[in-house]
Amino acid sequence: MLEIRDISKTFNAGTINEKKALDHVSLTLNDGDFCTVIGGNGAGKSTIMNAVAGVWPVDEGSILIGGKDVTGLCEYKRASFLGRVFQDPMIGTAADMQIVENLAMAARRGKKRTLRWGVTKQEYDRYRELLRTLDLGLEDRMTAKVGLLSGGQRQALTLLMATMQRPELLLLDEHTAALDPRTAAKVLEATDRIVSENKLTTMMVTHNMKDAIVHGNRLIMMSEGRKIFDVSGEEKKNLKVADLLRKFEEAGGANEISDRMVLDSQE
Amino acid sequence: MLMYLASLNPIALFRSCPGGIAQGLIWGIMALGVFITFRMLNFADLTVDGSFATGGAVCIMLLLQGWNPEIALFFSFLAGVACGLVTGIFHTVFGIPDILAGILTQISLWSINLVNILGKANQAINAGTMKLRITSNFIYMPRTILILFICCAVIVVIMYWYLGTEHGSALRATGINPQMTRAQGINTDVMKVVGLALSNGLVALSGGMLSQYQGFADINMGRGAIVIGLAAVIIGEVIGMSIFGKRMNFMLRLSFVVAGSIIYYLVYVLVLWLKFPADEMKLLTAIVVAIFLAVPYLKGKSANSFGALARRNAKLAKQKQNDGKEEGSC
């Protein structure tokens with residue numbers, strides 16, 4: 001469960017580049033909610049992710065994960081509650097380490113790092129089974145360096161790492177935006193499967209309106225650092241891309257809609 | 001030329017080789033320290049020029065006070081750990097860039113070594129009267145080399161073990177991808193400080209051993225140490241890769257750091273034997289390191305460069321033209 005209470009964040013305050021990235025945003029996700037976040041460039045969708053992940057402190061407001069106030073906790077301390085997948089496939093994994101070493105590190109997320117061996121024998125079998133679920137053949141390349149994998153394979157691996165130790169909240173920050181359409185569809189499919197199998201509370205940022213509608217049970221739209229639209233249940237199921245575009249125009253955020261959003265959503 | 005060749009004495013070369021191996025082993029421990037920061041943490045740590053001399057100074061002063069040589073070495077190690085902590089705090093708490101943080105510690109250590117530890121530019125022990133296990137005395141040379149070899153082997157095994165543990169994996173990940181590492185709940189600042197402390201501990205231990213070996217500590221003994229350490233790391237990597245290629249595992253990587261150091265000192269002995277002026281050795285070392293760093297980069301570049309592409313295309317165009325002419329003449 002996630003509770004965001006009235007958070008704001010301004011970057012470069014007092015300078016010519018001042019940018020109000022989050023403007024009194026509140027949001028409550030119930031257990032098992034899969035919420036997609038949509039918005040144009042600079043709408044604040046990645047910013048809200050980073051605020052929850054604790055990349056920097058917010059200016060005001062508070063953030064609760066699973067009922068625990070994490071507003072004052074820094075990034076690595078919040079990691080025990082969060083699984084994260086980033087937009088850039090290079091960021092989620094350590095390129096110069098083996099696939100199993102990456103998995104072993106993720107399996108210890110939020111735990112104290114001891115002087116016990118980094119990957120135990122029993123873990124190998126467990127990870128082989130986990131990798132098999134991805135259906136990418138990675139189970140046969142467990143000791144290969146992650147740097148040898150393709151972007152899609154790395155994103156799938158990051159997704160596995162983010163969820164293998166059940167997080168209170170899964171944060172997906174445009175995690176398919178850097179992939180080609182076919183790979184993106186595969187990673188999204190894996191996302192849906194993992195989220196529903198583990199009943200994970202999830203927030204997924206996307207610029208693709210169709211993806212935002214198809215996936216999850218809830219949708220919020222951001223514009224200029226504010227939440228301008230919030231639908232769930234039946235209403236969300238019946239949503240069309242045209243409805244979202246109209247919403248954008250109503251909110252005066254139409255100029256934030258990039259060609260990319262429109263093009264990617266027409267299929 | 002003949003005069004020069006005649007003046008070279010092959011027996012002298014043979015006699016100085018054991019000394020080269022012993023020094024190579026001592027500096028190998030230093031190079032293992034450099035390996036932690038340079039290769040694992042991706043942190044160019046210049047503290048080592050200072051902490052190496054600190055290790056030597058601490059060891060000699062404790063020996064002068066009548067301490068046991070091994071305990072003195074342990075305190076050299078601790079002194080190095082403290083030096084690494086200072087650089088780590090400069091970098092992580094005060095946000096000073098890595099190279100500058102190292103230089104600040106290094107330069108302050110110069111004063112500390114001179115004023116607070118040694119008290120003057122150099123201090124010597126009477127090596128003959130002490131029961132040193134690491135000594136340049138020719139009679140004990142085989143024993144010294146054996147002891148140093150065992151020390152290096154033990155340190156390589158300990159490093160292999162540590163870097164394979166959960167803690168060591170976190171340290172390696174910090175150097176590769178700090179953002180990912182934080183997302184796994186690891187405090188990357190702590191990891192950097194731990195890595196710097198361990199690295200400088202080894203460097204100072206090596207400095208202490210060298211001071212025992214040569215029987216004195218000198219305020220300038222660490223000058224350019226980083227370059228020698230890098231030379232050992234890089235020479236070891238290049239040679240290891242050319243022998244083992246893809247089969248190069250982590251244990252071999254660590255072992256070849258020490259091997260690189262030994263090779264460096266054997267070459268050093270050879271170059272000195274060829275009557276190369278000793279004062280120019282640092283210049284030679286710097287050139288060697290620059291070449292070894294540049295070659296892999298230039299190799300990658302030449303395989304993938306605009307100039308090469310232009311030449312390839314020009315050649316193809318010329319070939320076509322020639323082909324056309326031949327067809328025409330037929």
Side-chain angles (χ1 to χ4, degrees), chain A residues 49-50 53-55 73-98 100-120 123 143-148 154 157-158 161-162 164-165 167 170-171 173, chain B residues 35-43 92-93 95 155 157-195 197-198 233 237 241 244-254 296 300:
Chain A
M49 290 294 215
N50 288 336
V55 178
L73 296 183
C74 60
E75 191 177 3
Y76 77 88
K77 283 186 181 155
R78 285 189 206 185
S80 49
F81 311 109
L82 300 173
R84 290 164 72 189
V85 186
F86 308 86
Q87 179 172 355
D88 182 351
M90 303 300 142
I91 292 178
T93 43
D96 217 18
M97 293 172 85
Q98 299 170 352
V100 312
E101 287 180 309
N102 273 276
L103 287 166
M105 268 203 296
R108 289 162 179 74
R109 178 160 43 78
K111 291 185 187 142
K112 210 171 147 41
R113 310 283 156 158
T114 65
L115 290 177
R116 274 196 289 271
W117 201 242
V119 197
T120 60
E123 283 179 88
T143 53
K145 296 269 164 75
V146 169
L148 300 170
R154 283 182 79 160
L157 180 63
T158 312
M161 286 165 59
M164 62 190 297
Q165 199 207 335
L170 176 63
L171 297 178
D173 189 357
Chain B
F35 180 82
I36 294 179
T37 47
F38 184 64
R39 280 297 183 228
M40 297 288 101
L41 276 184
N42 201 10
F43 188 113
T92 58
V93 179
I155 290 169
V157 169
I158 291 176
M159 275 176 69
Y160 179 81
W161 163 77
Y162 169 69
L163 290 168
T165 63
E166 294 174 359
H167 207 269
S169 300
L171 187 135
R172 283 187 292 145
T174 301
I176 299 168
N177 186 344
Q179 205 173 347
M180 171 265 190
T181 310
R182 277 192 296 275
Q184 306 307 333
I186 294 160
N187 187 343
T188 48
D189 284 350
V190 167
M191 284 299 148
K192 281 185 190 166
V193 175
V194 168
L198 288 178
V233 169
E237 272 170 5
M241 282 305 282
F244 289 99
K246 284 215 170 101
R247 282 171 298 142
M248 184 95 160
N249 60 29
F250 199 66
M251 185 63 101
L252 282 172
R253 261 184 97 181
L254 291 171

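All values below come from the heavy atoms of this structure, side chains included, with hydrogens, waters and symmetry mates left out. Just so it is clear: chains get the letters A, B, ... in the order the sequence lines come, proteins before strands, and each one is counted from 1.
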**Message:** Using a 4.5 angstrom heavy-atom cutoff, name the option from A:V55, A:D96, A:I91 with the most pairs to chain B.
**Reply:** A:I91
**Item:** Interface moiety of A:S80 toward chain B, non-hydrogen atoms closer than 4.5 Å
**Value:** neither
**Portion of A:T93 that has a non-hydrogen atom of chain B nearer than 4.5 angstrom** = backbone
**Fill in**
Cut-off 4.5 Å, heavy atoms of chain B, and the answer for A:R116 is both
**Complete:** Between B:F35 and B:L254, the two heavy atoms sitting closest are CE2-CD2, 3.5 Å
**Check: B:I176 and A:M97 side chains under 4.5 Å, non-hydrogen atoms** = yes
**Prompt:** Based on non-hydrogen pairs under 4.5 Å, which of A:A53, A:A95, A:A106, A:A104 is most in contact with chain B?
**Reply:** A:A106
**Item:** B:Y162, OH: over 12 other non-hydrogen atoms inside 6.0 angstrom
**Value:** yes
**Request:** Go through B:R182, B:Q184, B:R172 and name the one with the most non-hydrogen pairs under 4.5 angstrom from chain A.
**Result:** B:Q184
**Message:** Can you see whether A:T143 engages A:Q98 through a side-chain donor-acceptor pair at a distance of less than 3.5 angstrom?
**Reply:** no
**Request:** Determine the minimum heavy-atom distance between A:Q165 and A:R108, stating which atoms define it.
**Result:** OE1-C, 4.2 Å
**Message:** Counting only non-hydrogen atoms closer than 4.5 Å, does A:K112 touch chain B with its backbone (N, CA, C, O), its side chain (CB onward), both, or neither?
**Reply:** backbone
**Asked** Is the number of heavy atoms from other residues, nucleotides or ligands within 6.0 Å of CE (B:M241) greater than 12?
**Response** no
**Item:** chain B contact via A:E75 - which portion, at a heavy-atom distance below 4.5 Å
**Value:** both
